[in-house]
Amino acid sequence: MVGLSIGEKYFIQGGIAHDLRTDGRKRLTPRPIFVETGNISQSNGSARVRIGATEVIASVKAELGRPSALHPDKGKVSINVDCSPTAAPMFEGRGGEELSAELSVALQRCLLGGKSGSGAGIDLSSLAIVEGKICWDLYIEGLVVSSDGNLLDALGAAIKAALSNTGIPRVNVAAGASGDEQPEVDISDEEFLQFDTSKVPVIVTLTKVGRHYTVDATSEEESQMSSAVSISVNRQGNICGLTKRGGAGLDPSVILDMISVAQSVSERLINTLDSQIAAAEAGEDEL
């Protein structure tokens, strides 16, 4: 929890009301985003994202698994977040565990459309190898290194960048397996398929302070919020997921306006993030 004096609280709230935040940004202006990829050699893909003083890392590990009975033609994705105790005092002990669980569930809703995977921003069907028998399971791990607000959006960006960096080994399936027999597979050590992230969304969180809402809120701004709505939007402008936190209710018309703003902001964010990812990948190739 950010400790602020009454004067500091009024200053933050007044700045947002007058569309001039304490760091000079307007309400709908995000901070610059910086991306590095390929940070973790033991993973299939990884990325580090920094937004202001918020820094997160995401890694992707691919393992062969068996599709679920409900979705025999799809692979599986799990998302888990860990908040480093060194990132902020509030992450020590139970506070960090609760926030880690909250962020993991929110990312699941925003990127996978919930536990069922319906409406997923990540194409689960592309992870199937043999229907009902073999698929890829992706284990996505997020780590909060340092925190100055907007963790969910930063983690979403890091996951998108890590998936762009992910190479899935080519799998050759031996012919001849029948019935319930598990087919034999050969996993290539040399050939990798690049994971398609063209429909993977970004997350835009709109944080309501007073009568107005901001994008990319800092920790101090978040301490003054009444509620926040996080909306995941892909390049086509489609809404892939939505989650809300904070006790204050929101009128449906306000939520619809937030969705419209998120779609507009997401377009700029996707272009910026794609440019950063391309630059990071180019720099990695030169090494």
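Nothing here was measured: the structure is a model prediction, and the numbers come from that model. Below, all heavy atoms of this structure are taken into account, side chains as well, without hydrogens, waters or symmetry copies.
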Are I203 and V261 connected into the same hydrophobic cluster when the rule is that any two of I, L, V, M, F, W, Y join if their side-chain heavy atoms are below 4.5 Å apart?
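Yes.
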State yes or no: do L124 and L64 share one hydrophobic cluster built from I, L, V, M, F, W and Y residues joined by side-chain heavy-atom distances below 4.5 Å, directly or via other members?
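Same hydrophobic cluster.
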Are D123 and K199 close enough, and set up right, to give a side chain to side chain contact (heavy atoms under 4.5 Å, CB included), and what steps lead you there?
CA-CA 8 Å; D123 182 12; K199 293 184 179 179; over 6 Å; no
What distance separates I134 CD1 from E184 CD, expressed to the nearest 0.5 Å?
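The CD1 atom of I134 sits 10.0 Å away from the CD atom of E184.
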Measure the CE-OG1 distance between M258 and T205 for me, rounded to the nearest 0.5 Å.
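Here the rounded value is 10.0 Å.
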When rounded to the nearest 0.5 angstrom, what distance separates CG in L99 from OG in S147?
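It comes to 7.5 Å.
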Give the C-alpha distance, both sets of side-chain angles, the deciding distance and a yes or no for side chain to side chain contact (heavy atoms under 4.5 Å, CB included) between R268 and V265.
CA-CA 6 Å; R268 300 193 302 270; V265 172; 3.8 Å; yes
Measure the spacing between NE2 of H71 and SG of C135 and express it to the nearest 0.5 Å.
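With rounding to 0.5 Å, NE2 (H71) is 12.0 Å from SG (C135).
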So which atom in F192 and which in G167 form the shortest heavy-atom distance, rounded to 0.1 Å?
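So the minimum-distance heavy-atom pair works out to CD2-O, 3.8 Å.
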Inter-residue atom distance I16.CD1 - E221.CD, 0.5 Å rounding
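Here the interatomic distance stands at 4.5 Å.
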For Q194, look at atom CD and say whether over 12 heavy atoms of other residues, nucleotides or ligands are found less than 6.0 Å away.
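Count over threshold, so yes.
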Can you pull out every side-chain hydrogen bond (donor to acceptor under 3.5 Å, both in side chains) where at least one residue sits in residues 255-264? Sequence neighbours excluded, please.
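For residues 255-264, and leaving out neighbouring residues, the side-chain hydrogen bond (donor to acceptor under 3.5 Å, both in side chains) pairs sorted by first residue read Y213-D257.
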If the test is side chain to side chain donor-acceptor pair (under 3.5 Å), which one of D216, T218, N150, D23 qualifies with R31?
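Exactly one option meets the side chain to side chain donor-acceptor pair (under 3.5 Å) with R31, and it is D216.
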Rounded to the nearest 0.5 Å, how far apart are CD1 of I57 and OG of S46?
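Atom-to-atom, I57:CD1 and S46:OG are 8.5 Å apart.
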Same cluster or not: F11 versus M225, using hydrophobic residues (I, L, V, M, F, W, Y) connected whenever any side-chain heavy atoms lie under 4.5 Å apart?
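No, F11 does not connect to M225 through the hydrophobic network.
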Quick one: side chains of residues 236-246, donor-acceptor pairs under 3.5 Å with protein atoms, not counting sequence neighbours, listed by atom name and distance.
from: Q236; atom 1: OE1; to: N234; atom 2: ND2; distance (Å): 3.4
from: K244; atom 1: NZ; to: G246; atom 2: O; distance (Å): 2.6
from: K244; atom 1: NZ; to: A248; atom 2: O; distance (Å): 2.9

